[in-house]
Every structure is written in structure tokens, then in C-alpha cells.
Amino acid sequence: MQTLLIATEESHIFLRLVNGGSQTLDSIKDFVGRIFADVFCRKPNFDLVDQRISEHSGILPCALQDMIETVGDQCQLRTKNWFSQRKGCNNKGDSQPVFNVLDTMLKDSLDRLKMMRECCISWAHVGSSFCSLETNYTQHVSIIRTLCLEGKPGAAIWLKNKMIHNDVIPDVITHNYIVNALCKAGELKKADWIVSEMSYWGPSPNCATYNTLMKGYCLVDDVDRALDLFSTMGNRGVMPNRVTCNVLVHALCKKGLLEDALNLLEEILDDNFFDKENSNLITSTILMDGYFKSGDTMQALIFWNDMIQRGSQMDVIAYNVAIHGFCLSQDVTVAYQYLSEMLKSGFLPDAFTYNTLISALCKDGRTDEACYIHSVMSRMGVSPDQISYKMLITSLCIQGYVMKASEFLLSMLESSIVPEPVIWNALIDGYGRAGDTEKALSIRDQMAEFGVVPNIFTYNILIHALIKEGKIVEAHSLKKEMLSNGLFPDLVTYNLLVGAACGNGDIRSALQLHDEILRRGYNPDIVTYTELIKCYSMKGKVMEAEKLFANIRRSGLPIDHVPFLILMKKYCKRGDLNMAFDLYQVWCIMDFISHTTTHLFILAVNAVERMKQLYCIDMVTGHSIGCSLWTGSHGGFAGLLVPTRTLELAA
DNA sequence: ATAGCACCAT
């Protein structure tokens, strides 16, 4: 794969082209020209192209020239970074920083291009000419609103400015659409700016404007700023309404500040026109949801009963919240009761209702029952969506029912739903766990055929599966493959490979990988080091293991119990009581007992037993170890699941 | 009709 940046036209638009062929500069120009004509109905100015290329030719010793030669037919627009894979290009290390600098410079230009292109597309929708200035107000406004609903605020603002430039001011509702789109995109600075502009130039913000902006701040977890706005909007002549109240109460509930939510509610209700008694169903639903989620089922039920008593006409959402609430408190039976209540009251369950139940059943390991709900859902005319299938397929795969899971995937495809990457990944993992790496790889291919791009999880899952089957060479070639697809191995990838090398006792490869991690700019974590410690310890190089262990502790890296366990096991095996006991003391000081699981527990006790056998140790020491492990809060571990990491490393 | 509540997540 090759990368090329091209500058075109006075607006400094850069296109990045990727391909693997070999072409001349003219063919590049031809290609860019065609793209440009598509987008702008105009020819690009190539003088600038040539100028840019020559400007950068000094700092791009071979990369750019190489790439100019190799841009070919199957050009496609890409935005990712690609490393040069072509042999003979020795300076690939040098070219990347240059691209990074260029990328930064060009980002804005690319955004601009995107925005203009989006605008063109929406313009085409209404059958209006892009270049015509005589488009009427209604059409412009309608395009802006459409763009906002499609999540393209940049293009919408561009068009809004164009209107204002022509002395036509969009109304407040259209402005609100823009503020809303910006908030949904997390662009709070821009949203805030638009609202300031509105205050200054008009149209004056209304209550919906402030509500939208407040909601935006809440979405980025800046509830304080939202509350600020709330307290100042009155001064600007806009009174809060019920929606304002719901936005803020919801935000506070989400933060777990239920008391604050109630207080605020009181305050708003006291100060405002809407009456307290006939409190709104939505507000109550929000609060009920908040209490359910905080684990206070009793208080949640008080809200529910209040709502009933007040004679509020319930709605599907209120029922869904209650059903979800009981699922949270692991009371699916009660959830079912509320479901039947819901049906009796004449409300039809929707996708939320069914998905809530499916989720609870899957988490409870009752996958067959979840499948039953899926069938009910379909028969009731509610189409299962990505979420329904996601839960069912992952749950089935975890439980080992991969065949059943792939049937569900098939029915998704039959319903013309293209599964999200996570669903494919679950299935790939399912086959990997079953030891069928071939099938796992073929699912990956199938995924790609459906146009779903394998992501870092896909590769890590595959690499994990291959390593588990001892196919380390294949795992490494998969790592190469991800690079050629523009995906960089992450720390998980490396830890898998380090683990594989260590498992083979191949400390040299493990250390090489460790260096590669550093070269890539990642920081090895506790998993990486634990693998290395395990490897040293396995090879009998206990001194090396101890040295590394001491280094980790000195480095201040967050540490867990696994390295302790490895060394402890080693000492116990060697019958090195003193070292084992010292380590145990450190272990207690660092409070890892609370992280201990059943498995570790048994191992440690076995170790103590073994030490007793070997050394006939005095009862005080031996007893104290055994005792502190068996008593206190640690007695309750029997039912806990053992994390994979403990099993794999400690086994 | 511009703003408010519910489901998932390798």
C-alpha cells in the first residue's frame, strides 16, 4: 500500500490516495481531476499541486517520489495512516513523521472538503443546483435541518453562514437544530459559540436552545456548566420549563446524585409555573430509573406507586424502566410480572422491553430462555435488532454453542442486517475457543466479504486462538497482516505474543517483542512483565525474575497478585520457606488478598500445607498464614469465577 | 415540532 498527499485548488484541499499500482504524475492528476469534478463540478488548479510536491520533495527523500510512481488505477480515498510496505523503500521510518506533520496541517482542509461534499450531497437531494444563489429560504433551511439530523453540523454551519452572507437569517428553530447537532457530536465549544452568536446577533436563543446546550454539557459530563447555564438563563429572559428540569434531573441521576436531583426538582418546581402535584410522568420515570440503578429498589417502587396513585397514564418507557430495574436486582421473575401487567394495561412491549429481558437472561446464563424471548419478539412483530443479536450471539459463543450462534448470524443476514464487528468477533472467538482456528479465519473472511472491516479485536481474538493452538508462526504472520491493513498491533497483541514466546520458554523472542513494544511507543504493562517473570521463573532463572519483579515494584506500575503468585509457587516448589514468607508479608501489606480468587486461594493454602510438610514449621508462622487466608472477608470467595489471567498464569 | 425518560458493548 502506498500513500500520497496531494494539494489541490485554492482552498488547500488535500486528497490522500492509496493504491498498489505504478502510475505517473499525469494519471494522478487525472484521478484527482475526476474526483474534483465530481465534488465541485470544476477543474482543480494543479499549479498548486506541483508547487506543494516540490515544496516537500526536500523533506520527503524517497517516499513521495516513490509514491508518485506507484499511484495507480484502484485509487481510493482513505484517511488512515499507512506504512509503506514496498521493499526497497528504506526510509519508511523517516517518512512517517513527515506524514504526521502534514496530517496535522491538512486536517482542517480535509474537514472542509468533507463538509462541502456533504453539503453538495444534501443539496442534490432537493434537486437544487449547487452553484445557484437563487435558492429560496425554505429550501436552505430544510437542507440545514436535514444536515443536522444526519449528524453533519459542519456542512450545516457552512450553509448557514452562506445564507447570512446573503442577508438571510435562518430562524431560531433552525439554529437549534445546529446547536443540537453540535452537542450530539460533542462539539460543545462550537455549540456554545453559536448560542453566543445568537444572543448577540439574533435570533435570540429560546428555552429549547438552552435545554439543548445544557443536555450537550451533560453528555460530556460537565453538569456544572449545565447548572451554570440553568442559573443564568433566567437573567437572559428565558424561563426554564419542564424539559429543562428533566435534562438536569436526568444528568444528576446519572451521576448518582439522587439527593441533588430531588433538591433541584423542588427548587425548580417552587420557582416555576408548572404545578408540583401533577408532576410529570417523564420526571418520575427518570427518578425511578435513577433509584433502580443506584440499587435502591424500594425507593424506586415508591415512585412507581406514586405515579399509579396520582393516576398518571403510564407509558411503555415507564414499564421498561421498571422491568429493567427488576432485572438489575436479579429478579427476572418480578420483571416478568411487570411485563404481564404491562400487557394487561394494553401496552405492547417494544424492542427495549425484549432486549432488557434478553440481556438479563443472558447475564444469568439462561441463554435458551433468551432465545425463546427472541422468538416471541419476532412473532409479536418486533424485529430483533443489532442489540438483540449482539447479546444472544456473544452469550451463545461464551457458552460454547457456536453452531447456534452462527445460525443467528445467518438470520441477521437474511433480515438484511449487517452485523457489527463485535458480533463477528464474538463468533470468531467462539470458534477459536472451540479450537477451530480454520473456521475462525474463514468467518473473518466472510466478515470482510460483507464489507465489515476487521478491527483490532478481530485480530487479537484470532491471534489468541492461534496461540492457544500452538500456531505461533501463524499468529506472527497475522500481526504482519494487520499492519498491511493499516491496523497497528496494540499492547494486547504484544502481550499475547510475549505470552506465547514465554510459554515456549523462548525468552529471547519475548525480550525482542518487549523492545518492539517500546519502539512503538507503548508502555509494557503488568501483564507483559508478569509473562517475562513467569518465563524466567520457568527457566529456573529465579534471580532474573526477582530482579524484574523488584524493578516493577520500584517503577510504581500498578501491580496485581499474579506475579506474587508465580514467585510464591516457585519458592514453595523449591521449599524456600524464608523467601516465601517474606513475599507473603509484602503480599499482605499490598493488600492483594482482596483480589484473591478461589483458585489462588487453594494454591496458597496448598503451598502452606506443603511448606508445613517440608519444614514442619512452627505453628505460629504456619498458622498465621493459613488463618489469615481462611478468615475474614476471604471466606466468601468460593463461588467466584476465576479470572482467565490467574488461571493461565498460575496453572 | 426545535429540547426531556428505557436496551448492548469483544
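Order of the sequence lines fixes the chain letters, A, B, ..., with proteins taken first and strands second; residue numbering starts at 1 for each chain. What's counted below: heavy atoms across the whole structure, side chains too, no hydrogens, waters or symmetry copies.
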(message) I need a per-nucleotide contact map over nucleotides 5-10 of chain B, read 5' to 3'. Cutoff is protein heavy atoms under 4.0 Å; write B for the base, S for backbone only, - otherwise.
(response) BBBBSB
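Nearest heavy atom pair, residue A:F303 against residue A:S284, reads CD2-O, 4.4 Å.
Counting to the nearest Å, the P atom of B:dA1 and the CG atom of A:N211 are 17 Å from each other. Note: CD1 (A:I194) to P (B:dA3) measures 16 Å, nearest angstrom. For A:L149 and B:dA3, the CG to C1' distance is 13 Å, given to the nearest whole Å.
Side chains of A:E481 and A:Y459: a donor-acceptor N/O pair is present below 3.5 angstrom, by distance only.
Each of A:F326, A:W304, A:F352 was evaluated against A:Y319; a single residue qualifies, A:W304, per the ring pair (Phe, Tyr, Trp, His ring centres under 6.0 Å) test. A side chain to side chain contact (heavy atoms under 4.5 Å, CB included) with A:I423 holds for exactly one of A:M447, A:M391, A:M412; it is A:M412.
Interatomic distance, A:E531 CD to A:I526 CD1, rounded to the nearest 0.5 Å: 11.0 Å.
Residue A:N460 is out of contact with every strand shown, counting any heavy-atom pair closer than 4.0 Å.
Screening residues 408-434 of chain A for salt bridge (charged side-chain N to carboxylate O under 4.0 Å, His left out), with sequence neighbours left out, gives A:K390-A:E420, A:D429-A:R433.
Of the residues in residues 168-187 of chain A, those placing a heavy atom less than 4.0 Å from an atom of DNA chain B are A:I173, A:N176, A:Y177, A:N180, in numerical order.
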(message) Run the side-chain hydrogen bond (donor to acceptor under 3.5 Å, both in side chains) test on A:D525 and A:T528 for me, step by step, so that the C-alpha distance in whole Å, both residues' side-chain angles and the decisive distance to 0.1 Å come before the verdict.
(response) CA-CA 5 Å; A:D525 66 358; A:T528 327; 2.9 Å; yes
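Ring pair A:Y210/A:F230: centre-to-centre distance not below 6.0 Å.
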